[in-house]
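Down below is the structure, laid out as structure tokens.
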Number of protein chains: 2
Amino acid sequence: MEQPSRLAGTVRPGGRTARVRAAVLDATQDELVERGFHGLTMDQVAAKAGVGKTTVYRRWKSTTGLVADLMNELANQSSPHADTGDVEADLRANALAVLEALNDGRLGATFQAVIAAATCDEQASQALRAFYLRRIEEWATVVDLAVKRGELPAGTDGPEVIRAISAPLYYRLVVTREPVDHAVAEASVARTLAAARAGAFVTSHG
Amino acid sequence: MEQPSRLAGTVRPGGRTARVRAAVLDATQDELVERGFHGLTMDQVAAKAGVGKTTVYRRWKSTTGLVADLMNELANQSSPHADTGDVEADLRANALAVLEALNDGRLGATFQAVIAAATCDEQASQALRAFYLRRIEEWATVVDLAVKRGELPAGTDGPEVIRAISAPLYYRLVVTREPVDHAVAEASVARTLAAARAGAFVTSHG
DNA sequence: CCCCTAATGGGACGAGAGTTCCGTTAAGAT
DNA sequence: ATCTTAACGGAACTCTCGTCCCATTAGGGG
């Protein structure tokens, strides 16, 4: 009579349920690579995953639910920050990691799909924000260490520096739709570092 | 027997055809504000525009065609660059113009829709690229003038400076989904300018 | 002013997405 | 090992989207 208070798939997270989830999310990524978010359908995902489409609708509700869950899955795979003892090398490592992710067929397609889904779905939007805030926080550490070593001015805003590294890459990928290559990544590192050394990332207020 | 070599609506661009196009693009923007690109349907657009749905399908083919045409329409509305005689003021004017556009209900929704459409449609992708390359080129002039006045190092890459101003705003809007406010715009100007003055935007090769 | 035809619009049609019902399977507790 | 029931899967159904056909309307040249 009463609806279960928890979502389907959370009470018995054992073997079959986990296998189904893995198969569905995997099929979702395949479909995103082939057709993009706009061409993603619950039917096709179910077929490719070898799963009943009833199950997909029951557990994920909609295509935006699929990509949001996919993003949450990726968020759990941590990417630890570099620590070479040199800010420039650390920031370059970050830029190259982002570059590689964006140019990877599967990951790049997934990011673009979630970005597209987030423009009109709150669940996907939250998944996206959570993913990046976590990554930014993790990598901001390299800036704090650089400040401690005296490489950057005291009060330099770590998360903002990390955002500044990524921003030009994503801007080209998703807004101006220009190629995102090694040179773009290097330039971003050089410019961000120049600004940081000049104190442009120091939080002004007390 | 033979298909007309031009698209429908291009042979008689007179009164009715123009009225239909205006009504359809207007309805498209309304729908984008309300439902986002993912919720955009040809049917709804036709209904809201007070136009037969056959007409919408014939002239625009698909929802991505609608947003691509909308973007091309916006591209024709030029936004001339500022010229205050001071780079910082000029770049700030640019940042504030972008900020205002992104936070405007209709324009902001339209940009996000075209960005979403471009992730899986070549036509929308090209419309987006054309729009921004034109704007970037237009505003790059303020950097060239600044170089002539001696405010920035010779060889500073104008288009890259303009991209650097916008990138953090779009990055927050569309990737990390954080608020885009006045402070973000100001910070972007300050950081870009610091890097530019340090020569980080000088094209290195001969 | 009249004619030609580009362009529009209504309605019927087929395909595919999304929903519901109910029988079947297997996780996990005893 | 057995039992309970969470979770899955097949199949029928509905509804909306996208396409097609043909009658009607209105540019724009003569």
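Sequence lines set the chain letters: A, B, ... in the order given, protein chains first and strands last, and positions in each chain run from 1. Computed from a prediction, not measured in an experiment: that's the story for all the values here.
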Distance below 4.0 Å between A:T17 side-chain N/O and D:dA7 OP1 or OP2: no
When the distance from CH2 of B:W60 to P of D:dG18 is rounded to whole Å, what number comes out? 15 Å
I'd like a list of close polar pairs between nucleotides 17-21 of chain C and the protein, N/O only, cut-off under 3.5 Å.
unit_1 : atom_1 : unit_2 : atom_2 : d
C:dA17 : OP2    : A:D43  : OD2    : 2.9
C:dG18 : OP2    : A:Y57  : OH     : 2.9
C:dG18 : O5'    : A:Y57  : OH     : 3.0
C:dG18 : N7     : A:K53  : NZ     : 2.7
C:dG18 : O6     : A:K53  : NZ     : 3.1

With sequence neighbours excluded, residues passing salt bridge (Lys or Arg N to Asp or Glu O under 4.0 Å) with A:D30: A:R106
Taken in chain and number order and not counting sequence neighbours, the residues that satisfy salt bridge (Lys or Arg N to Asp or Glu O under 4.0 Å) with A:D144 are none
In short, the helix from C:dC1-D:dG30 to C:dT30-D:dA1 is bent end to end, axes from five pairs each side, to 10°, by 50°
Are B:R21 and B:D69 ion-paired here, with the side-chain N under 4.0 Å from a carboxylate O? yes
Residues that A:E100 engages under salt bridge (Lys or Arg N to Asp or Glu O under 4.0 Å), provided they are two or more places apart: none
Atom pairs and distances, side-chain donor-acceptor, residues 173-180 of chain A, under 3.5 Å, sequence neighbours left out:
unit_1 : atom_1 : unit_2 : atom_2 : d
A:T176 : OG1    : A:E178 : OE1    : 2.6
A:R177 : NH1    : B:A118 : O      : 3.2
A:R177 : NH2    : A:Q112 : OE1    : 2.8
A:R177 : NH2    : B:A118 : O      : 3.4
A:E178 : OE1    : B:R163 : NH1    : 2.8
A:E178 : OE2    : B:R163 : NH1    : 2.6

Under the ring pair (Phe, Tyr, Trp, His ring centres under 6.0 Å) definition, can you give me all pairs with a residue in residues 16-68 of chain A, not counting sequence neighbours? A:F37-B:H38, A:H38-B:F37
Whole angstrom is fine here: how far is it from CZ in A:R19 over to P in C:dT25? 15 Å
Does B:Y170 have any ring pair (Phe, Tyr, Trp, His ring centres under 6.0 Å) partners at least two apart in sequence or in another chain, and if so, which? A:Y171, B:Y132
For A:D43, all residues meeting salt bridge (Lys or Arg N to Asp or Glu O under 4.0 Å), sequence neighbours excluded: A:K53
